[in-house]
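Note sheet for the following structure.
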Amino acid sequence: MTEPVNPVPTDPLLAELLDLALEAGRRAGALLRDGRPDDLAVAKTKSSPIDVVTEMDIAAEKLITGFLSEHRPDDGFLGEEGAASPGTSGVRWVIDPLDGTVNYLYGLPTWAVSIAAERDGETVVGVVEAPLRNETYRAVLGGGAYVGERRLSVRPAPPLEQALISTGFAYVQSRRARQADIAQRMIPRLRDIRRGGSAAIDLCDVAAGRLDGYYERGLNPWDLAAGDLIAREAGALTGGRPGERPSGELTIAAPPGVFEPLQELLEEFGAWRD
Ligand code: IPD
Ligand code: CA
Ligand code: CA
């Protein structure tokens, strides 16, 4: 029996959450793509002078939370640009309206809208909309990960010395300096490293077999919620320090066979410390 293309989740709640996440992502992606002013400027800064927010980050979050709460008024929200409410339905949306803001500010294509739905604290739906790639990545817990009609699957694991691994750097200078030291020690142990500028896309690239792995310290829940599910549903292992779930302390995603030695090396180097 061949596998159905685009299977609809059997759980009607998950089917509804997936549809809503896809539509919210599509609308926000179109707003960001088509509405980007030529003279786009920084609206404010957050944790440091290089941690920027544009008017478009704010507009995209407003669009997403407005759309979702119109359809599901009792759900909770956690959004990077301020949405925060517990809700009463057991469903909470975790949203990064624009992941890769610095790329977006400069007109580089690697940015995405990231929308995840949690049910009773567990991520059950993840959508990453990457308009300038023309790609929408999605996953439902237990239902696989897809881009369009293509089922996503991680690459076969190479030895760590031949692995292409992506990472990212936080906005706070002291943490960046330490992350640079770790990256410097990682480079001779790998094929190479990449710094794409969007954690959500890095995780989807692991899922799509375009990277052998990804790690980063300092992520927020909205950076990783959707991408983590997509990576896992494509066969990646994800975690933090040994035995831990991915978190702000450390997030690692890679196929089995790369994950374990990568996690070991990051543990040896103390990559979870500032
Ligand atoms: C950032 C991106 C970047 C990662 C940073 C994130 P933002 O998110 O995902 O790749 O290295 O840690 O904060 O600020 O563009 O939404
Ligand atoms: Ca982000
Ligand atoms: Ca963001």
Side-chain angles (χ1 to χ4, degrees), residues 24-25 28-29 31-32 36 40 42-65 77-84 93-116 126-133 137 165-180 182-183 186 193-206 210-211 213-228 230-231 238 240 246-253 266 271-272 274:
L31 173 79
L32 290 164
R36 181 181 177 279
L40 180 68
V42 171
K44 60 177 180 170
T45 59
K46 295 199 285 193
S47 60
S48 82
I50 53 168
D51 184 1
V52 300
V53 181
T54 72
E55 61 183 276
M56 298 304 288
D57 296 72
I58 297 163
E61 181 160 312
K62 219 169 143 191
L63 184 158
I64 296 164
T65 54
F77 287 98
L78 177 67
E80 177 167 21
E81 306 315 334
W93 297 93
V94 182
I95 300 157
D96 191 338
L98 174 45
D99 185 56
T101 292
V102 174
N103 283 344
Y104 183 79
L105 181 68
Y106 279 75
L108 289 166
T110 304
W111 53 267
V113 179
S114 174
I115 302 176
V127 167
V128 173
E129 170 88 13
L132 297 192
R133 286 182 164 197
Y137 309 85
I165 303 291
S166 186
T167 190
F169 303 103
Y171 293 117
V172 179
Q173 298 299 352
S174 54
R175 178 168 288 178
R176 291 166 75 72
R178 166 98 181 126
Q179 287 174 315
I182 305 286
M186 295 294 286
I193 63 165
R194 292 288 181 270
R195 197 293 189 244
S198 161
I201 290 182
D202 283 325
L203 288 161
C204 292
D205 280 345
V206 172
R210 291 169 171 163
L211 288 170
Y214 162 71
Y215 75 91
E216 184 163 350
R217 168 164 169 74
L219 294 183
N220 286 294
W222 45 78
D223 297 314
L224 70 93
D228 173 61
I230 292 165
T238 71
S247 71
E249 182 178 56
L250 186 63
T251 291
I252 308 169
L266 291 165
W272 73 94
D274 287 335

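Reckoned from all heavy atoms, side chains included, excluding hydrogens, waters and symmetry mates. Both ligands and their constituent atoms are indexed starting at 1 by order of listing. Sequential numbering from 1 along the given sequence is applied to the chain's residues.
- In this structure, the separation between CD on E80 and CG on N220 is 6.5 Å, given to the nearest 0.5 Å.
- In this structure, the side chains of K62 and L31 stay at 4.5 Å or more apart for every pair of heavy atoms.
- Interface of S198 with ligand 1, defined as ligand atoms under 4.0 Å from a residue heavy atom, comprises 9 (O), 10 (O).
- Contacts between K46 and ligand 1, counted as non-hydrogen atom pairs separated by less than 4.0 Å, are absent for every part of the residue.
- Close approach to F169 involves these atoms of ligand 1, each under 4.0 Å from a residue heavy atom: 11 (O).
- Close contacts of ligand 1 with L98, meaning ligand atoms under 4.0 Å from a residue heavy atom, involve 16 (O).
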From CA spacing to verdict: side chain to side chain donor-acceptor pair (under 3.5 Å), S114, D99: CA-CA 7 Å; S114 174; D99 185 56; over 6 Å; no
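- Salt bridge absent: R195 and E216 never bring a charged side-chain N and a carboxylate O closer than 4.0 Å.
- Of all protein heavy atoms, the one closest to atom 6 (C) of ligand 1 is D223 OD1, 4.1 Å.
- Near E80, meaning under 4.0 Å from any of its heavy atoms, are these atoms of ligand 1: 16 (O).
- We find that R133 and D205 are joined by a salt bridge, their nearest charged nitrogen and carboxylate oxygen being less than 4.0 Å apart.
- Scanning the protein heavy atoms around atom 8 (O) of ligand 1, the nearest turns out to be D99 OD1, 3.0 Å.
- A donor-acceptor pair under 3.5 Å is absent between the side-chain atoms of Y171 and the main chain of K46, judged by distance alone.
- The pair D274-R178 does not meet the salt-bridge criterion, since no charged nitrogen lies less than 4.0 angstrom from a carboxylate oxygen.
- Here the CG-CG distance, from L32 to L98, works out to 5.5 Å after rounding to the nearest 0.5 Å.
- Among the atoms of L219, none of the N or O lies under 3.5 angstrom from an N or O of ligand 1.
- At a 3.5 angstrom cut-off on N or O pairs, A200 does not count as close to ligand 1.
- Here the closest heavy-atom approach between residue A116 and residue A225 is recorded as CB-CB, 3.5 Å.
- Annotation: side chain of L78 is in contact with side chain of P221 (closest heavy-atom distance under 4.5 Å).
- Annotation for ligand 1: atoms under 4.0 Å from non-hydrogen atoms of G100 are 7 (P), 15 (O), 16 (O).
- Taking the Ca ion (ligand 3) as reference, E80 places its N/O/S atom OE1 nearest.
- Here the rule is side-chain contact (heavy atoms from CB on, under 4.5 Å) with Y214, and of D202, I252, I165 only D202 fits it.
- Residue contacts to the Ca ion (ligand 3): D99 brings no N, O or S atom closer than 3.0 Å.
- Close approach to G168 involves these atoms of ligand 1, each under 4.0 Å from a residue heavy atom: 11 (O).
- How far OG1 of T251 is from CG of L203: 7.5 Å, rounded to the nearest 0.5 Å.
- Atom numbering of ligand 1 starts at 1 in the shown order; those under 4.0 Å from a heavy atom of E216 are 4 (C), 5 (C), 11 (O), 12 (O).
- The nearest heavy-atom contact from the protein to atom 13 (O) of ligand 1 is Y171 CE1, 3.5 Å.
- Note on ligand 1: G218 sits outside its first shell, no heavy atom being nearer than 4.0 Å.
- Here is the list of ligand 1 atoms found below 4.0 Å of a heavy atom in T101: 15 (O).
- Rounded to the nearest 10 degrees, the angle O (L98) to the Ca ion (ligand 3) to OD1 (D96) equals 80°.
- With respect to the Ca ion (ligand 2), D223 has OD1 as its nearest N, O or S atom.
- For D202, no nitrogen or oxygen atom sits less than 3.5 Å from a nitrogen or oxygen atom of ligand 1, counting backbone and side chain alike.
- At least one N or O atom of A199 sits closer than 3.5 Å to an N or O atom of ligand 1.
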